[in-house]
There are 2 protein chains.
Amino acid sequence: MTTDPQATTSGATSVDAAATAGGAAGVPAPAEQLRGAGLRVTAGRVAVLEAVAGVPHATADDVVRTVREALGSVSVQAVYDALHALTEARLLRRIEPAGHPARYERRVGDNHHHVVCRSCGVVADVDCTVGHAPCLTPSSDHGFVIDLAEVTYWGLCPQCAAARAS
Amino acid sequence: MTTDPQATTSGATSVDAAATAGGAAGVPAPAEQLRGAGLRVTAGRVAVLEAVAGVPHATADDVVRTVREALGSVSVQAVYDALHALTEARLLRRIEPAGHPARYERRVGDNHHHVVCRSCGVVADVDCTVGHAPCLTPSSDHGFVIDLAEVTYWGLCPQCAAARAS
DNA sequence: CCGGACACTGGAATCATTCCAGAAAACCCG
DNA sequence: CGGGTTTTCTGGAATGATTCCAGTGTCCGG
């Protein structure tokens, strides 16, 4: 069973279809992105990229499941490997909320932050409207060479808050 | 060789002895704190509290080792249990830097933040001088009920930065 | 000083993630 | 279009921090 279902020639496969359908204006097609980042284009990586695009703040497990639906089968390591490579290449951003498995998102380059639900672990984006990242310059840095300031908001998502209120 | 570096007064059941010796100004004696929080006073808990006081941003493992030096032997679970209870009672604060084991600190109640070294994982405190925690009120909260905003700075500690520069 | 609640022990289990070695692709080159 | 090399994928086992469990021991109110 080495027949490859994703014909290489025709771009009519979900790859480009998603670029139009997924309608993420501005975000180029997966294959393009991979190539542009100097990474090899493999079915797995494309599928991982699409999975993260389709499931906003996907966990590695979400990605594994989504990719399996798309390709039939993938090893867990292939997914971790792809996620790692894509994160390294700045095509994905990794979020690691304490106590919850890591999540990945496609929004990269801007310094936005996240709200994490203490109960179910769901994550949502938060744009830091306070102009120029005020917290980015701590008073005393203890000699540390700081390269990133991340802000995480903790609380309850609408669902969990409602469930708790009743 | 179990010579205690922080020579407490005498062999008197370190519990109360430490209250005087360890005596960090402002912070009440361990036993007092426990009682005040409605927790039972046990040798283990007192030792855990002192361990965290002695090792600024101690990991659970640090605490286990320190407590074993003080008491002779403790089960790992007793330590985790104590850390959990103390954190619950707000006598300790837990810090969980992504990718590194959790750390505990005694500074509670004020909203200060942390710098984490990407290389060795060491943590240092950072007081948010930007007055009134500007990031605390995100623009859109997506309906989340937010109860805490934490800021984490990532970078390299002086040692690791120096090691890398050479 | 007694009893019931709570804490501790030791061992096994969990979960996300990583390591490993071999097989299978993907790309560069002619 | 067909090697050859490099990178990626597979499957299985390992890691490391933390938690679960059942039984035993300890603390503290009366």
Side-chain angles (χ1 to χ4, degrees), chain A residues 1-9 15 30-32 34-49 57-65 67-68 70-89 92 94-104 121, chain B residues 13 15-16 30-32 34-49 57-65 67-68 70-89 91-92 94-104 121:
Chain A
M1 38 146 66
T2 36
T3 55
D4 85 340
Q6 307 264 353
T8 49
T9 49
V15 176
E32 293 292 311
L34 287 169
R35 234 173 262 281
L39 291 174
R40 286 194 177 180
V41 179
T42 68
R45 285 178 175 175
V46 171
V48 166
L49 215 36
H57 294 96
T59 60
D61 196 60
D62 289 335
V63 176
V64 168
R65 265 183 289 106
V67 172
R68 283 200 175 137
L71 302 184
S73 83
V74 230
S75 65
V76 180
Q77 292 63 20
V79 171
Y80 273 101
D81 193 4
L83 286 172
H84 212 253
L86 294 170
T87 304
E88 195 81 14
L92 290 182
R94 172 188 217 157
I95 312 161
E96 268 182 272
H100 298 277
R103 285 163 181 273
Y104 297 83
Chain B
T13 49
V15 178
D16 288 62
E32 294 291 311
L34 288 169
R35 234 174 260 280
L39 291 174
R40 286 196 177 176
V41 179
T42 68
R45 284 176 176 177
V46 171
V48 166
L49 216 36
H57 295 95
T59 60
D61 197 60
D62 288 336
V63 176
V64 168
R65 265 183 289 104
V67 172
R68 282 200 174 137
L71 301 184
S73 83
V74 228
S75 65
V76 180
Q77 292 63 20
V79 170
Y80 272 101
D81 195 3
L83 286 172
H84 211 254
L86 293 170
T87 303
E88 196 81 14
L91 294 184
L92 290 183
R94 171 188 216 156
I95 312 161
E96 267 181 276
H100 298 277
R103 286 165 181 271
Y104 296 84

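Every chain is numbered from 1 and lettered A, B, ... according to where its sequence line falls, protein lines coming before strand lines.
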For His100(A) and for Gln77(B), locate the closest nucleotide of DNA chain C by heavy-atom distance; then report the residue assigned to the nucleotide nearer the 5' terminus.
Gln77(B)

Output yes when at least one side-chain N/O atom of Thr42(B) is less than 4.0 Å from OP1 or OP2 of dC8(C), else no.
yes

What are the bounds, 5' to 3', of the part of DNA chain D that sits under 4.0 Å from heavy atoms of chain B?
dA17(D) to dC28(D)

How long is the line joining CZ of Arg65(A) and P of dA16(C), in whole Å?
11 Å

Measure the distance from CG on Asp81(B) to C1' on dG10(C) and round it to the nearest whole Å.
14 Å

Nucleotide dC15(C), atom P - distance to OH of Tyr80(A) in whole Å
12 Å

With distance as the sole test, does Asp62(B) use its side chain to make a donor-acceptor pair with the main-chain N or O of Thr59(B) at under 3.5 Å?
yes

Counting C-beta onward and ignoring hydrogens, is there a side-chain heavy-atom pair between His84(A) and Arg94(A) closer than 4.5 Å?
yes

Shortest non-hydrogen contact from Pro101(B) to Pro97(B)?
O-CD, 3.8 Å

Could you give the CG-to-C1' distance, from Leu83(A) to dT17(C), as a whole number of Å?
11 Å

The bend of the helix from dC1(C)-dG30(D) to dG30(C)-dC1(D), taken between the axes of its five terminal pairs at each end and rounded to 10°, is 40°

Atom CD of Glu96(A) to atom P of dT17(C): distance rounded to whole Å?
7 Å

Interatomic spacing from CG in Leu83(B) to CD in Glu88(B) - rounded to 0.5 Å:
12.5 Å

Counting the atoms with a prime plus P, OP1 and OP2 as sugar-phosphate, which does Ala82(A) contact under 4.0 Å by heavy atoms, base, sugar-phosphate, or nothing?
nothing

Taking atom C1' of dA7(C) as reference, at what distance in whole Å does atom CG of Leu34(B) sit?
13 Å

All N/O donor-acceptor pairs, side-chain side in residues 34-49 of chain A, below 3.5 Å, sequence neighbours left out:
residue	atom	partner	partner atom	Å
Thr42(A)	OG1	Arg45(A)	N	3.1
Arg45(A)	NH1	Arg40(A)	O	3.2

Give one of base, sugar-phosphate or nothing for Ala85(B), where a contact means two heavy atoms less than 4.0 Å apart.
nothing

Using a 4.0 Å heavy-atom cut-off across all strands, classify Ala102(A) as base, sugar-phosphate, or nothing.
sugar-phosphate

Glu96(B) and Gly99(A) have their tightest heavy-atom pair at OE2-N, 3.5 Å

Can you tell me the distance, in whole Å, between the CD1 atom of Ile95(A) and the P atom of dT17(C)?
12 Å

Just call it for Thr59(B): base, sugar-phosphate, or nothing, with non-hydrogen atoms closer than 4.0 Å on any strand.
nothing

Between C1' of dA7(C) and CD of Glu88(B), the distance in whole Å:
16 Å

Starting from the 5' end of DNA chain D, give me the residue, Arg45(A) or Arg94(B), whose nearest nucleotide shows up first.
Arg45(A)

